[in-house]
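Treat the numbers as computed from the prediction; the structure is a model and nothing was measured.
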Amino acid sequence: MNTPDPAPAVPAVSSVLVDGVAHLVTNDPALGPGPLGEVPDAAVVVEAGRVAWCGPRTRAPAADVRVDAAGRCLIPGFVDSHSHVVFAGDRSREFGDRMSGRPYEAGGIRTTVAATRAASDTDLLGTATRLLREARAQGTTTLEIKSGYGLSTADEQRCLRAAARLTDETTFLGAHVVPPEYDGDTDGYVDLVTGGMLEACAPHARWIDVFCERGAFDEHQARRVLRAGRDRGLMPRVHGNQLGPGPGVRLAVAEGAASVDHCTHLSDDDVAALAGSASGGGPATVATLLPGVDFSTRQPYPDARALLDAGAPVALATDCNPGSCFTSSMALCIALAVREMRMSPEEALRAATAGGAAALRRDDVGHLAVGARADMVLLEAPNPVYLAYRPGVPQVAAVWKDGELVAGRP
């Protein structure tokens with residue numbers, strides 16, 4: 001009896017050449033001019049999920065598979081270092097009221113807290129997964145996710161468990177606002193956040209955050225939260241200076257936070273503190289600007305120009321959440337930063353990639369130099385200026401995460 005010959009083995013693909021790139025953004029000035037390290041007529045080779053080579057296409061080494069970029073632009077994947085995508089409920093009516101003249105206040109978070117507490121684990125994970133996919137299709141390859149809509153030990157823990165299924169960049173934000181059951185006893189709630197709640201949540205988080213703002217937590221309370229988190233191995237970040245001037249920025253710098261986010265109301269001393277953190281030899285405190293929030297709440301935009309001119313490190317992020325900014329589009333944030341915050345297109349793109357990586361203290365994402373993760377976005381555009389030049393227009397052709405195609409097609 002004759003047995004059929006076995007099917008020939010299919011060789012594993014070990015390297016991919018992305019060729020025909022009209023404009024490559026590496027974010028490595030050693031590879032090309034300017035802070036974006038731009039390389040024209042370029043190519044990239046990917047092996048084992050990492051960038052193995054990049055440079056002029058005429059010098060590109062051979063690879064197992066060739067992908068034709070067909071004269072389009074290739075950029076690092078966006079690094080969105082601030083989001084709140086684990087939640088339930090809807091606040092569209094609040095948005096409509098705000099657009100009709102009601103000012104934004106921190107207390108609106110409680111609406112989402114009530115809905116989140118009532119939701120199932122399955123529903124919470126489902127919403128977060130949908131928003132992650134939405135962000136990824138728009139070029140976001142690294143997404144930080146905060147808790148903060150549970151505000152009880154059990155609910156904060158389950159929100160973080162959901163977040164940890166989707167990203168390594170999880171943040172415990174039990175100190176978002178004071179829940180209704182602690183009205184009039186903010187210090188008592190801080191005791192819970194820094195005690196049993198932290199104990200339950202720390203195993204599921206990398207970061208700890210606090211909303212240091214009027215209507216939320218004062219400087220002393222915020223410092224307690226950050227130091228308790230650091231004692232449990234969580235690195236600090238801060239929500240600060242969103243609703244008005246305050247101590248958030250300087251507290252973040254003093255406590256060595258990786259970032260202080262919002263920065264809508266900055267004094268000269270705040271700017272100097274952030275710039276000084278970048279000149280001290282250690283990791284800087286990054287000013288993470290969230291222009292989608294200011295767009296959605298009709299607040300003033302942060303003075304990005306003052307920060308950049310002073311040498312302060314800057315990131316852009318979405319703050320995707322159901323109340324103050326329900327967008328997952330980093331491209332929109334870039335366009336707003338260019339139009340409303342006087343950033344150049346190059347500064348805005350760097351802030352949305354390498355800046356976000358710095359805010360997460362990551363050196364493996366946000367750039368496309370050799371050794372970086374092959375997190376890449378192919379734009380339907382010849383250069384990255386189109387991100388601000390054509391706002392609101394879908395421009396992402398393909399997205400790779402760790403060298404694997406995860407959205408679109410080349």
Side-chain angles (χ1 to χ4, degrees), residues 11-81 136 139-143 167-169 258 283-284 286 313 315 330 346-379 381-384 387 396-408 410:
V13 174
S14 62
S15 60
V16 175
L17 168 67
V18 183
D19 198 5
V21 177
H23 193 107
L24 172 65
V25 172
T26 69
N27 279 338
D28 185 345
L31 298 176
L36 296 183
E38 299 165 89
V39 182
D41 195 22
V44 175
V45 174
V46 174
E47 292 182 2
R50 300 272 178 161
V51 176
W53 181 92
C54 61
R57 65 184 300 265
T58 55
R59 303 179 193 169
D64 297 327
V65 173
R66 177 181 180 271
V67 174
D68 187 4
R72 291 171 288 182
C73 177
L74 191 70
I75 65 173
F78 296 130
V79 180
D80 187 350
S81 60
R136 185 159 287 173
T140 296
T141 51
T142 301
L143 181 70
T167 183
D168 294 332
E169 300 296 344
V286 177
M330 288 290 279
E346 294 77 16
E347 288 169 336
L349 176 55
R350 185 170 176 85
T353 51
L360 294 175
R361 294 194 171 161
R362 296 275 298 271
D363 60 9
D364 59 334
V365 296
H367 65 111
L368 291 177
V370 171
R373 291 182 182 273
D375 293 358
M376 310 181 296
V377 178
L378 183 66
L379 298 178
N383 64 66
L387 290 166
V396 173
V399 182
W400 289 266
K401 172 70 175 168
D402 293 325
E404 296 291 328
L405 186 67
V406 294

Which value, rounded to the nearest 0.5 Å, describes the distance between [X] atom [atom1] and [Y] atom [atom2]?
X	Y	atom1	atom2	answer
N27	L368	CG	CG	7.5 Å
L387	M330	CG	CE	10.5 Å
T141	F78	OG1	CZ	9.0 Å
C73	N383	SG	CG	6.5 Å

For residues 29-50, which side-chain donor-acceptor pairs fall under 3.5 Å, sequence neighbours excluded?
residue	atom	partner	partner atom	Å
E38	OE1	H23	NE2	2.8
R50	NH1	G371	O	3.0

Does A359 have any side chain to side chain contact (heavy atoms under 4.5 Å, CB included) partners at least two apart in sequence or in another chain, and if so, which?
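Applying side chain to side chain contact (heavy atoms under 4.5 Å, CB included) to A359 gives S81, R237, S259, V286, T288, A315.
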Sorted by chain and number, sequence neighbours left out, side chain to side chain contact (heavy atoms under 4.5 Å, CB included) with A397 holds for R72, L378, E380
Beyond-backbone contact of [X] with [Y], side-chain heavy atoms, under 4.5 angstrom:
X	Y	answer
I75	T353	no
V16	D64	no
V25	P76	yes

Closest approach of [X] and [Y], non-hydrogen atoms and distance?
X	Y	result
V18	A69	CG1-CB, 4.4 Å
D68	G20	OD1-CA, 4.3 Å
G366	A357	CA-CB, 4.3 Å
V67	W400	CG1-CZ2, 4.3 Å

Could you check whether any side-chain N or O of D80 sits under 3.5 Å from a backbone N or O of L143, counting only pairs where one atom can act as donor and the other as acceptor?
no
Filter on side chain to side chain donor-acceptor pair (under 3.5 Å), then keep only pairs touching residues 359-374, sequence neighbours left out; what's left?
E169-R362, R362-D364, D364-R373, R373-D402
Distance-only criterion, 3.5 Å: show the donor-acceptor pairs between side-chain atoms of residues 51-61 and protein atoms not counting sequence neighbours.
residue	atom	partner	partner atom	Å
R57	NE	D19	OD1	3.0
R57	NH2	D19	OD2	3.3

Counterpart residues, side-chain hydrogen bond (donor to acceptor under 3.5 Å, both in side chains), relative to T140 (two or more places apart)
none
